Amino acid sequence: MAEQQSRWGILGTAQISNKIAVAVSKSNNSKIVAVASRTQEKAEKFAQQYNIPTSYGGYDKLLEDKDVDVVYIPLPTKMKTEWAIKAAKAKKSVVIEKPLPTYEEAQEIDKACTENGVWWMSGSHFPHNPIVAKMEAALPTIGTVNHINVNIHTICAEGNIRLNADLEPAGCLGDLGWYGIKAILVMYGWQLPSKVSATATWSVPNDTNSVPTFVSSLMQFKDSTATMVCSFTTMRCQEVDVQGTKGRLTWNDFVKGQPKDAPEEASLKPSFRLHSSAYSSTEQEITIDLPQDVLMVQAMGAIKDTAGGRKWAEQGIKAQQVQDAILRAAKSGVWENV
């Protein structure tokens, strides 16, 4: 007997919803059964594009749909907690597009999901890529890891929602730095730094209530450090550099899983470089069957109980905890405890 598919509803038709619609359509254990938008017209247009059977002009209506098991939330960050909790109370599991609003609100979402017997994860794709496990297995070959550096940047044009302090208050730190933080935590086995420092520039110069458009952060772990620089002011860059006493691992294009504008086939051959000296390195490549965004969808569909979903929920909470500390440090100009 075929395993029942996980039935998804999409809560909003933002641009990123297109990507998740394609990813779900390629998965082997999930399908989209409904989409909701602020207007019926937008919902119907999206539904027609992706052959979704049901469309709703209003988010509450989707949550009332008994055929929906999982709700994907790509809404502006300020709106995510409200709708994630509503979805949990409607007995729907939740995939929340990163970042989360705050560490405290992440805990509220987690509590609501736990109390209602559902599960949740943040919508980060790369932790689901098997190349991560290969990198973790290679870590002993580079000796003791003393430092990790992440650079992640993109140009963000004026008028973009990511520059709206009311809707996306963490700016480049939430949009890009979230990935960098997760990459660092993955390579350090999900241990948290004890404290962080940071400096930033803001969308309104010297106004820390506006959006950070550049953030440089230093994280102090027990016996090691990490730096993460993210911005909306520099050309696209997604680089991880794991530095050990006997070598290094470097991982490019880690967020997307492939270079910009590369064909999808490139995402099925993820790789990193293993540096055994300053002058010698080898490419470590694997072949996977599905892109990492589809693997994220399948990971959600494979969860059968709240215990099975704890790993992904806890990772989201930890990433948000570090992000909040970095934002506080950027505003205060002093070291902040995590």
Side-chain angles (χ1 to χ4, degrees), residues 1-98 100-101 105-106 108-125 167 293-306 308-309 312-313 316:
M1 181 176 177
E3 186 176 358
Q4 182 177 351
Q5 289 190 306
S6 179
R7 302 168 299 179
W8 287 53
I10 299 179
L11 206 67
T13 53
Q15 184 176 354
I16 199 167
S17 297
N18 294 277
K19 188 172 182 63
I20 203 71
V22 173
V24 175
S25 71
K26 293 180 178 180
S27 71
N28 59 25
N29 66 358
S30 303
K31 62 181 179 180
I32 303 174
V33 298
V35 61
S37 190
R38 287 174 294 178
T39 68
Q40 185 66 39
E41 181 182 8
K42 286 183 178 180
E44 288 178 358
K45 182 178 180 181
F46 192 94
Q48 290 171 4
Q49 183 176 356
Y50 295 105
N51 297 314
I52 300 171
T54 306
S55 57
Y56 296 107
Y59 301 146
D60 282 305
K61 294 178 181 179
L62 185 144
L63 299 186
E64 295 169 0
D65 190 331
K66 297 186 183 303
D67 289 332
V68 173
D69 305 312
V70 178
V71 175
Y72 173 68
I73 301 179
L75 301 174
T77 298
K78 283 285 191 178
M79 301 172 63
K80 290 173 183 171
T81 301
E82 173 190 357
W83 289 100
I85 291 175
K86 284 184 175 181
K89 290 181 177 179
K91 308 299 182 183
K92 318 292 187 188
S93 294
V94 184
V95 176
I96 311 170
E97 192 52 50
K98 58 79 205 163
L100 305 175
E105 290 185 45
E108 291 176 19
I109 292 169
D110 190 61
K111 181 174 183 288
C113 288
T114 300
E115 289 177 345
N116 287 280
V118 294
W119 38 95
W120 70 281
M121 67 166 63
S122 65
S124 300
H125 306 157
L167 297 176
D293 55 347
V294 182
L295 296 176
M296 182 200 74
V297 169
Q298 294 193 166
M300 188 63 176
I303 299 171
K304 300 306 178 187
D305 53 47
T306 50
W312 306 116

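Worth saying up front: this structure is predicted, and the values here are computed from it rather than measured.
Between Q298 and N28 there is a side-chain heavy-atom pair separated by less than 4.5 Å. Using a 4.5 Å heavy-atom cutoff, the side chains of W312 and I303 are in contact. The side-chain heavy atoms of L75 and W83, taken from C-beta on, include a pair separated by under 4.5 Å. A heavy-atom distance below 4.5 Å is not found between the side chains of V33 and T54. In this structure, the side chains of F46 and S37 stay at 4.5 Å or more apart for every pair of heavy atoms.
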Problem - Derivation and outcome, side chain to side chain contact (heavy atoms under 4.5 Å, CB included), residues M79 and Y59 - result: CA-CA 12 Å; M79 301 172 63; Y59 301 146; 4.3 Å; yes

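Counting heavy atoms of neighbouring residues, nucleotides and ligands inside a 6.0 Å radius, atom NZ of K86 exceeds 12 of them.
Taken to the nearest 0.5 Å, the OG1 atom of T77 stands 10.5 Å off from the CD1 atom of I96. Between the CD atom of Q5 and the CD1 atom of I32 there is a distance of 11.0 Å, given to the nearest 0.5 Å. With values rounded to the nearest 0.5 angstrom, S93 atom OG is found 4.5 Å from M300 atom CE. Here the CH2 atom belonging to W120 is positioned 11.0 Å from the CD1 atom belonging to I85, to the nearest 0.5 angstrom. For the atom pair I20 CD1 and S25 OG, the distance stands at 10.0 Å (nearest 0.5 Å). Between the NE2 atom in H125 and the NZ atom in K19 there is a gap of 6.0 Å [rounded to 0.5 Å].
For the salt bridge (Lys or Arg N to Asp or Glu O under 4.0 Å) test, residues two or more places apart in sequence or in another chain that qualify with E115 are K111.
A donor-acceptor contact shorter than 3.5 Å links the side chain of K92 to the backbone of V68. Judged by distance alone, with hydrogens and angles left aside, the side-chain atoms of K80 form a donor-acceptor pair with the main-chain N or O of E97 at under 3.5 Å.
Residue pairs satisfying the salt bridge (charged side-chain N to carboxylate O under 4.0 Å, His left out) criterion with at least one member in residues 22-46, sequence neighbours excluded, are listed as follows: K26-E264. Within the structure, salt bridge (charged side-chain N to carboxylate O under 4.0 Å, His left out) contacts touching residues 4-16 (residues at least two apart or in different chains) are R7-D67, R7-D69.
Q40 and S55 form a side-chain donor-acceptor contact under 3.5 Å, judged by distance and modelled atom types alone.
Minimum heavy-atom separation, V95 to G123: CG1-CA, 4.1 Å. Shortest non-hydrogen contact noted between S124 and M296 is O-SD, 3.8 Å. Contact between G316 and S122 at its shortest, heavy atoms only, is CA-OG, 4.3 Å. Considering all non-hydrogen atoms of both residues, G12 and P74 come closest at O-CG, 3.9 Å. Contact record, V94 with A87: CG2-CB, 3.8 Å, taken as the closest heavy-atom pair. Closest of all the heavy-atom pairs between V70 and S6 is CG2-OG, 3.3 Å.
Taking the six-membered ring for Trp and thresholds of 30 and 60 degrees, Y72 and W8 have ring planes inclined between 30 and 60 degrees apart.
With respect to Y56, the side chain to side chain contact (heavy atoms under 4.5 Å, CB included) criterion is satisfied by exactly one of L11, L62, V35: L62.
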